[in-house]
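Please read the structure below before turning to the comments.
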Amino acid sequence: MPSVFIKTYGCQMNERDSEAVAAQLVAKGYSMANDPLKADVVLLNTCSVRDAAEQKAIGKMSHVASQLRSKNKNAVLGFMGCMAQSRGRELIDKLPDVDLVVGTQKFHRAADHIESLLAGRSEIVVDTEEEKGSEATIREHLLEGASDKKSVTSFVSIMQGCNQFCTFCIVPYTRGRERSRSIEDIVSECRDLVERGVKEVTLLGQIVTSYGRREIGDRDGKSAFVQLIEAVHEIDGLERIRFTSPHPKGYGDDLVEAYGRLPKLCESAHIPVQSGSNEMLKRMHRGYTRERFLEIIDKLRAVRPDIGITTDIIVGFPGETEEEFEATMSLCREVEFDNAFVFKYSTRRNTPAAGMDVQLPKELIEERHAKLLAEVDRIGAVRYENQVGETMQILVEGPSRRNKARMEGRTRCNRIVVFDGGERFRGQLVDLKIERAGSFTLYGDPAILN
Ligand code: SAH
Ligand code: SF4
Ligand code: F3S
């Protein structure tokens, strides 16, 4: 049977989509390849959120195409995901060796398309139409097979799309309008995962706080999203629940209150703020103010004082003044994020921000990016340093990514902890004393392991 190489760019939703496509192909008998130049099928699951992400995938494909086509005339070269959706056939015009383009509502069709291309039934497939019900098609998981290599954590896609239309963002155009799966469907997927050994699920969507707004609605003062968390919380054997990304606009008191009430809901929150300036938040069409964001943080810390909070920030949005940038700096100092992902604004075609006056010069964006990043790192280092000496619960996920001889897991507040230990700890909840802190990583003392 043919072998498939898949490389994923972009967010966790893309990771999840790639996993589902891989699982579908493996179920049909395909094997997974580690080297694109030895594969029969090369799929790049692409991201369009910034220009750099698009350029990386295009560069990779043109390299693979130039090497692989001459060796294997029949190989299938495909783009999937957000850039496939936003650029469609244009990608084949640019890279004529590409013969498959699968949009974000068509992942479940990828296996069939590959089959027909390999069999020579079609020469080129471009499938980027909208499809009703596609949000419920990302179900299959490819958990590592052998019993000693079991996946401990898993992503579960709960919705597709976004209706917020932040002025800088391409996601509503690549992922379409918000569509949510049913609570029963999601719970049954989580239950299957737990039966296969998973201990922690992360509920995924671009704007999870909008989950089920239309399809399910509020009940007893609880949003559909909180109802979903409650239902997942009921699953025996599941130890931890996380979600990403919520939007500050939808971060209601019912969700804050859920943190106080539901012990499996981990005390970590990734809440993208983008900017600390009210004027800027308005131009970005974010739908909240700096004061409202700070209020959410205060409320969360009142319920869970040790909550780990991370965020996303954009620097260099059109017209960003020195004062507005300073407002973002001061917000970071005020909140003391565990970490913040700081992005340089990247113009996305057909978004409202692309047409705004005063696009900032590259050098200024670079300068602000470096300045904010240094501040974020400084604040994060202090927060991580403060953990030294504490004993924390870790869910052990597997060998450390940096040093395979050690194991790693995450605290409930989502900090990575590395420790000396063997495979027998995989999937276990262990209490570890934190010995030292490195760059966004903690090191635990195995001595107190029981
Ligand atoms: N749905 C999430 C974010 C998805 S995109 C949310 O709204 O919270 C992930 C991050 O990429 C965003 O939070 C934003 O910080 C960044 N981003 C999005 N569009 C961008 C652009 N045009 N330029 C630079 N960064 C961008
Ligand atoms: Fe993009 Fe805004 Fe939607 Fe997030 S909420 S995906 S930033 S439009
Ligand atoms: Fe990128 Fe699409 Fe995710 S644009 S960030 S892969 S939803």
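Counting from 1, the numbers follow the sequence of the chain as shown. Keep in mind that this is a model prediction, so the values were computed, not measured. Whatever order the structure lists them in is the order used to number ligands and atoms, beginning at 1.
Protein heavy atom closest to atom 1 (Fe) of ligand 2, with residue, atom name and distance, is C169 SG, 2.3 Å. For atom 16 (C) of ligand 1, the nearest protein heavy atom (residue, atom name, distance) is R50 NH1, 3.3 Å. At the top of the distance list for atom 19 (N) of ligand 1, counting protein heavy atoms only, stands F168 CD1, 3.3 Å. Closest protein heavy atom to atom 7 (S) of ligand 3: Q206 NE2, 2.9 Å. Protein heavy atom nearest atom 7 (S) of ligand 2, with residue, atom name and distance: R286 NH1, 3.6 Å. Looking at atom 15 (O) of ligand 1, its nearest protein heavy atom turns out to be Q274 OE1, 2.7 Å. S346 N, 3.0 Å is the protein heavy atom nearest to atom 23 (N) of ligand 1. Among all non-hydrogen protein atoms, the one lying nearest atom 3 (Fe) of ligand 2 is C162 SG, 2.2 Å. Protein heavy atom closest to atom 8 (O) of ligand 1, with residue, atom name and distance, is P272 CG, 2.8 Å.
Neither the backbone nor the side chain of S245 has any atom closer than 4.0 Å to an atom of ligand 2 (non-hydrogen atoms only). Only the side chain of R348 comes within 4.0 Å of ligand 1, judged by heavy-atom distances. With a heavy-atom cut-off of 4.0 Å, F343 touches ligand 1 through its side chain alone. The proximity of K344 to ligand 1, defined as any non-hydrogen pair under 4.0 Å, is limited to the backbone.
Interface of H247 with ligand 2, defined as ligand atoms under 4.0 Å from a residue heavy atom, comprises 5 (S). Of all the atoms in ligand 2, the ones that sit under 4.0 Å from a non-hydrogen atom of V171 are 6 (S). Applying the 4.0 Å criterion to heavy atoms of C82 picks out, from ligand 3, the atoms 2 (Fe), 4 (S), 6 (S), 7 (S). Distances below 4.0 Å separate heavy atoms of Y345 from the following atoms of ligand 1: 23 (N), 24 (C). Taking every heavy atom of S48 and a limit of under 4.0 angstrom, the matching atoms of ligand 3 come to 1 (Fe), 4 (S). Listed by atom number, the atoms of ligand 3 under 4.0 Å from C11 heavy atoms are 3 (Fe), 5 (S), 6 (S), 7 (S). Remark: ligand 2 atoms within the under-4.0 Å shell around heavy atoms of C166 are 2 (Fe), 5 (S), 7 (S), 8 (S). Which parts of ligand 2 touch P172 is read off a 4.0 Å heavy-atom cut-off, strictly below it: atoms 8 (S). Taking every non-hydrogen atom of N14 and a distance limit under 4.0 Å, the qualifying atoms of ligand 3 come out as 6 (S). The ligand atoms of ligand 2 that sit less than 4.0 angstrom from a heavy atom of F168 are 7 (S). For ligand 3, the atoms closer than 4.0 angstrom to any heavy atom of C47 are 1 (Fe), 4 (S), 5 (S), 6 (S).
Under a 4.0 Å N-O distance rule, the pair K371/E375 does not qualify as a salt bridge. Under 4.0 Å is where a charged nitrogen must lie from a carboxylate oxygen, and between E131 and R109 no such pair does. A salt bridge links R368 to E322: one of the charged nitrogens lies within less than 4.0 Å of a carboxylate oxygen. Using a 4.0 Å cut-off between charged nitrogen and carboxylate oxygen, E230 and R219 do not count as a salt-bridge pair. Using a 4.0 Å cut-off between a side-chain N of Lys or Arg and a carboxylate O of Asp or Glu, E234 and K264 do not qualify as a salt bridge. Salt bridge D185/R139: present, at least one basic N to carboxylate O contact under 4.0 Å.
At least one heavy atom of I314 sits less than 4.0 Å from an atom of ligand 1. For the pair R286 and ligand 1, a heavy-atom separation below 4.0 Å is found. Under the 4.0 angstrom criterion for non-hydrogen atoms, V49 is in contact with ligand 1. In this structure, R175 is part of the shell of residues with a heavy atom less than 4.0 angstrom from ligand 3. Between G81 and ligand 3 there is no heavy-atom distance shorter than 4.0 Å.
For the pair D312 and ligand 1, the shortest N or O to N or O distance falls below 3.5 Å.
A donor-acceptor distance shorter than 3.5 angstrom exists from the side chain of R69 to the backbone of D97, with no hydrogens or angles considered. N278 contributes no side-chain N or O that, together with a main-chain N or O of T289, makes up a donor-acceptor pair within less than 3.5 Å.
A donor and an acceptor atom, one from each side chain of H270 and T310, are located under 3.5 Å apart. At a cut-off of 3.5 Å, with distance as the only test, no side-chain donor of T104 or T174 sits close to an acceptor on the other residue. For R175 and Q206, the side-chain atoms include no donor-acceptor pair closer than 3.5 Å. Side-chain contact annotation: S346 with D51, donor-acceptor N/O pair under 3.5 Å absent. With 3.5 Å as the limit, one finds no donor-acceptor pair spanning the side chains of T128 and Q85.
Among Q164, K249, Q206, the residue whose heavy atom lies closest to atom 1 (N) of ligand 1 is Q206.
You'll find the ring centres of F243 and Y211 outside the 6.0 Å limit.
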side-chain hydrogen bond (donor to acceptor under 3.5 Å, both in side chains) assessment of R87 paired with T46: CA-CA 11 Å; R87 295 188 177 229; T46 58; over 6 Å; no

Residue pair Y288, Y251: steps toward the ring pair (Phe, Tyr, Trp, His ring centres under 6.0 Å) verdict: CA-CA 10 Å; Y288 54 88; Y251 222 106; over 10 Å; no

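Considering all non-hydrogen atoms of both residues, Y173 and N350 come closest at OH-O, 4.0 Å.
In the displayed structure, E130 atom CD is contacted under 6.0 Å by at most 12 heavy atoms of other residues, nucleotides or ligands.
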